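Throughout, protein chains are lettered first and strands after them, A, B, ... in sequence-line order, and every chain is numbered starting at 1. Note that this is a predicted model, so its numbers are computed, not measured.
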Amino acid sequence: MKKIRTRFAPSPTGYMHIGNLRTALYAYLFAKSQGGDFILRIEDTDRARYVADAVEFIERTLAAAKIIPDEGPHHGGNFAPYVQSERMDIYKKYAEQLVESGHAYRCFCSGEEMTSEENKFGGYNRHCRDLDPAEIEKNLAEGKPYVIRQKMPLAGETTFFDVLHGNITIANSELEDQVLLKSDGMPTYNFANVVDDHLMEISHIIRGTEFITSTPKHVLLYEFFGWELPTFIHLAPVMGKAADGTVSKLSKRHGATSFNDLIEMGYLPEAITNYVALLGWSPKNSCQEIFSMDELIKNFSLDGLSKSPAVFDYAKLDWMSGEYFKAMSDEDFADVAEKYFTDFDEPRKIFLASLLKTRVAKLSDIPAMIAFLKDLPPFDIELFTNKRNKVTPQKSAEILAPAIKILEQVDDWTLDTLNEKIAAFVEDSGLKVGAVMWPLRIALSMQKVTPGGVTEILYLLGKEISLARLNSALEKL
RNA sequence: GGCGCCUUCGUCAAGUGGUUAAGACACCGCCCUCUCACGGCGGGUUCAAGGGUUCGAAUCCCUUAGGCGUCACCA
């Protein structure tokens, strides 16, 4: 059997859309699940869109997502170069070959003529098909710029098989005489793509549905050259849902849309990859949702792919991200959240990690959660009223005063000791735990909700600051 | 507009002629609990519509509607 080879062929735009990442992931998973190769090829044939360092950016992003090419610009391989702008002579050779065989022709029309009514509606850009050979010679001699166009059959239809969609048939009369080689000598996507996929022995083409309609043109090229057809798999797009409920292709208006946006927000790469994998694919005979890359590879199969569009759901990403955090050790979490923990010593960092890892969807949630530890929010007497625990500002003062006395005596400011002292204090007070804890927590944090309880906050704050806050609150009450 | 693709809970989805139509997220309720979270238990909501075929249809066929894509010297 022929070796499975898939490729990811992005244009170098310094931006990795989630949809692109997913396409790369599926191509990678399929290849790896079949013991095949995954190739990275850069489609930089549009000089106007070239972005500096974009290739490195793509490679770094794939590496972060643990999608490792077997061949690529900086990964080596037997089919180099893997950057299309370095393969111009190859495309030219094959384009000329098609002109020779009568499947393509030179077109000397300028841009304006292209967009004429005739071409747009009736002619499908077929105007230069039957130029007088003498005129062609003349134009060439004058050095007049030209493009090479594919000569489409005028009758009949072209059918190709897609793994997800079955047979797709399009009438040849719908196909325009598309440009193969541009006047600057660069190939178009529709040409370079076919030539390279053949030369690089790609067995399965996994790409977005936006290419379904141009696939018959590609198929015709394979036929013109007498090349064996690869297997096509056209993936449904990733959608976004706007505030008004409308669904459209995932874009900026939906929030973060690139892998890097998500990383910057503090989602783990593993969590993003895991979530994205499930956006349009589900495992067979299993309800598993948390997958390592190895498990994805083991479980992946094409028949688990969905052919309908999937809406990107940030809420579910949050959940999945949280699952990854919860599964981490305190040390690992502290490590990954390091830049948010700068105000704490090592033991407190680890302890904070233990508190936060069950409460965080993304790392950037952290600052808002722990801000009160650094800067006490303004005093608000309203907070000292809590119906459920029958707490009032008056009662709060009555609890704070003795509590301060007890805490002042504590020299061993550790979690265990603090726990012990507070528990004893509650016991002696004869009040419910909540009734005692409420005023303490408010005085220490000036907010109703805190990650962790009173003891935890006391420990994190340290003795000095804790007592200062308690005293300050007592004074104001 | 032509052509093409798509349509199971709000979202991701399982399902391929006979199921009480899985599971997950979100949501709601209860339990645990010093708040929040974690954890545990429970709940509501789904086959786009209309026609067929069939003893029987989410599953097969037709029509309609809606969504998306494409119609570049962009990919």
Query raised in the report: Listed by chain and number, what are the ring pair (Phe, Tyr, Trp, His ring centres under 6.0 Å) partners of A:F379, not counting sequence neighbours?
Result: A:F384

**Report entry** Sub-6.0 Å ring centroid separation between A:F211 and A:Y189
**Finding:** yes

Query raised in the report: Would a 4.5 Å heavy-atom cut-off, applied to side chains only, mark A:Y94 and A:L221 as touching?
Result: no

Report summary line: So, with a heavy-atom separation below 4.0 Å from RNA chain B, the residues of residues 361-368 of chain A are none

Query - Minimum-distance nucleotide to A:K182 side chain [options: B:G2, B:C74, B:G4] - result: B:C74

Requested in this report: Could you give me the CA-CA distance, side-chain angles and deciding distance for A:K326 and A:E323, then say whether salt bridge (Lys or Arg N to Asp or Glu O under 4.0 Å) is met?
Outcome: CA-CA 5 Å; A:K326 278 180 273 179; A:E323 292 297 301; 2.9 Å; yes

Query - Of the listed nucleotides B:C3, B:A22, B:A75, the one nearest the side chain of A:C287 - result: B:A22

Query raised in the report: Does a side-chain N or O from A:H165 land closer than 4.0 Å to OP1 or OP2 of B:C6, or not?
Result: yes

Query raised in the report: Could you write nucleotides 31-49 of chain B as a row of B, S and -, 5' to 3', where a protein heavy atom under 4.0 Å of any base atom gives B, of only sugar-phosphate atoms gives S, and otherwise -?
Result: ---BBBBSS----------

Report task. Establish, for the pair A:K252 and A:Y15, whether the NZ or CZ atom is under 6.0 angstrom from the six-membered ring centre and no further than 45 degrees off its axis. Result -> yes

Requested in this report: Could you verify whether a donor N or O on one side chain and an acceptor N or O on the other, from A:T215 and A:H234, lie under 3.5 Å apart?
Outcome: yes

Requested in this report: Can you tell me, in whole Å, how much space there is between the C1' of B:G23 and that of B:A49?
Outcome: 28 Å

**Report entry** Residues forming a side chain to side chain donor-acceptor pair (under 3.5 Å) with A:S214, sequence neighbours excluded
**Finding:** none

Report task. Could you state the atom-to-atom distance from CD1 of A:I168 to P of B:G4 in whole Å? Result -> 10 Å

Query raised in the report: Looking at the side chain of A:A315, which of B:G4, B:C68, B:C25 is the nearest nucleotide?
Result: B:C25

Query raised in the report: What integer number of Å spans the P atoms of B:U19 and B:C34?
Result: 49 Å

Query raised in the report: Relative to the ring of A:F344, is the ring of A:F341 parallel (under 30°), tilted (30 to 60°) or perpendicular (over 60°)?
Result: perpendicular

Report summary line: Readout for nucleotides 8-16 of chain B: B = base within 4.0 Å of protein heavy atom, S = sugar-phosphate only, - = neither; 5' to 3' it is --SSSSSS-

Query raised in the report: Just checking, any donor-acceptor pair under 3.5 angstrom between side chains of A:Q288 and A:N299?
Result: no

Query raised in the report: Does the side chain of A:D44 come under 3.5 Å of the side chain of A:S85 through a donor N or O and an acceptor N or O?
Result: yes

Report task. Ignoring backbone atoms, test whether A:K217 places a side-chain nitrogen or oxygen under 4.0 Å from the OP1 or OP2 oxygen of B:U70. Result -> no

Query raised in the report: At under 4.0 Å between heavy atoms, what does A:T45 touch on the DNA or RNA strands: base, sugar-phosphate, or nothing?
Result: sugar-phosphate

Query - Interatomic distance at P, B:U63 relative to B:C5, whole Å - result: 13 Å

**Report entry** For A:Y324, ring pair (Phe, Tyr, Trp, His ring centres under 6.0 Å) partners two or more places apart
**Finding:** none

**Report entry** B:C73 OP1/OP2 closer than 4.0 Å to side-chain N/O of A:R149
**Finding:** yes

